[in-house]
Amino acid sequence: MSTAKQAAVPNGWHLMFGCTYEALAIFRITLGALLLAELLLRFRFLHPFYSDEGTHPLRLLLPEIDEIYNVLCLHCRSGNMIFQQVLLGIQVVIAGLFTVGYQTRIT
C-alpha cells in the first residue's frame with residue numbers, strides 16, 4: 001500500500017471516536033483544568049467538611065457507612081486536618097500531571 005493510500009485510511013482513534021489526536025488533547029487539557037480548579041477551590045472547605053472539627057465528624061460517620069465505602073474512601077481513614085491537606089495536595093498534583101499530559105503516548 002502506498003503512502004498516499006495509507007494517509008487516506010482513517011486510524012483506530014478516528015474510526016472509534018470520530019476525532020483527532022488534537023481534539024483528544026484539548027479535551028484532556030480542558031477536563032484537567034476543570035478538575036484542577038475544582039480541587040483548588042475545595043481547599044476552602046477542608047476544615048468544615050473534611051476534618052473531625054467540622055459538620056460531620058468521623059465518630060458519627062463511621063457507624064452509618066458500609067464496609068466497602070470505609071475501605072475505598074481514603075478520606076475516612078482520619079479526620080486530621082494535616083492528613084486531609086496531604087490527600088488533597090496529592091489529588092492536585094495528579095490533576096496537574098493529567099492536564100499537562102505527563103507520559104501521554106500517541107500510538
Side-chain angles (χ1 to χ4, degrees):
M1 186 180 280
S2 70
T3 308
K5 285 188 177 184
Q6 283 180 343
V9 176
N11 59 14
W13 283 107
H14 185 70
L15 286 174
M16 182 179 273
F17 297 111
C19 62
T20 62
Y21 292 121
E22 292 83 11
L24 286 174
I26 290 171
F27 179 73
R28 185 202 71 234
I29 291 168
T30 305
L31 187 64
L34 286 173
L35 180 63
L36 195 59
E38 193 273 329
L39 288 171
L40 289 174
L41 290 173
R42 192 179 289 191
F43 266 109
R44 296 182 300 170
F45 304 112
L46 269 181
H47 188 265
F49 292 116
Y50 289 91
S51 71
D52 280 339
E53 301 160 356
T55 58
H56 203 69
L58 280 179
R59 64 180 166 79
L60 297 176
L61 177 70
L62 289 178
E64 296 176 11
I65 61 175
D66 57 354
E67 289 299 318
I68 190 105
Y69 186 77
N70 193 12
V71 170
L72 294 177
C73 180
L74 294 178
H75 289 280
C76 288
R77 302 278 186 225
S78 173
N80 187 359
M81 192 64 184
I82 300 291
F83 182 77
Q84 300 299 330
Q85 288 173 341
V86 167
L87 280 180
L88 195 58
I90 291 170
Q91 292 173 0
V92 166
V93 169
I94 291 171
L97 293 174
F98 179 74
T99 303
V100 298
Y102 179 69
Q103 288 192 354
T104 301
R105 292 182 187 90
I106 299 176
T107 56

Do you know which two heavy atoms are closest between [X] and [Y], and how far apart they sit?
{"X": "L87", "Y": "L74", "value": "CD1-O, 3.7 Å"}
{"X": "R77", "Y": "V71", "value": "NH2-O, 2.7 Å"}
{"X": "S78", "Y": "L58", "value": "C-CD1, 3.4 Å"}
{"X": "C76", "Y": "N70", "value": "CB-OD1, 4.2 Å"}

With L36, which residues qualify under side-chain contact (heavy atoms from CB on, under 4.5 Å), at least two apart? L40, V92, A95
Same cluster for [X] and [Y] if Ile/Leu/Val/Met/Phe/Trp/Tyr side chains link at under 4.5 Å?
{"X": "L88", "Y": "F45", "value": "yes"}
{"X": "L39", "Y": "L97", "value": "no"}
{"X": "F98", "Y": "F27", "value": "yes"}

Between [atom1] on residue [X] and [atom2] on residue [Y], distance to nearest 0.5 Å:
{"X": "D66", "Y": "L72", "atom1": "CG", "atom2": "CG", "result": "9.0 Å"}
{"X": "L61", "Y": "Y69", "atom1": "CG", "atom2": "OH", "result": "7.0 Å"}
{"X": "R28", "Y": "L35", "atom1": "CZ", "atom2": "CG", "result": "13.0 Å"}

Kindly indicate whether the side chain of L46, heavy atoms from C-beta on, has any atom under 4.5 Å from the side chain of M81. yes
What residues, two or more places apart in sequence or in another chain, satisfy side chain to side chain donor-acceptor pair (under 3.5 Å) together with E53? H47
Pairs in or reaching into residues 33-43: which pass side-chain hydrogen bond (donor to acceptor under 3.5 Å, both in side chains), with residues at least two apart or in two chains? E38-R42, R42-Y50
Taking atom CZ of F43 as the centre, report whether more than 12 heavy atoms of other residues, nucleotides or ligands fall under 6.0 Å from it. yes
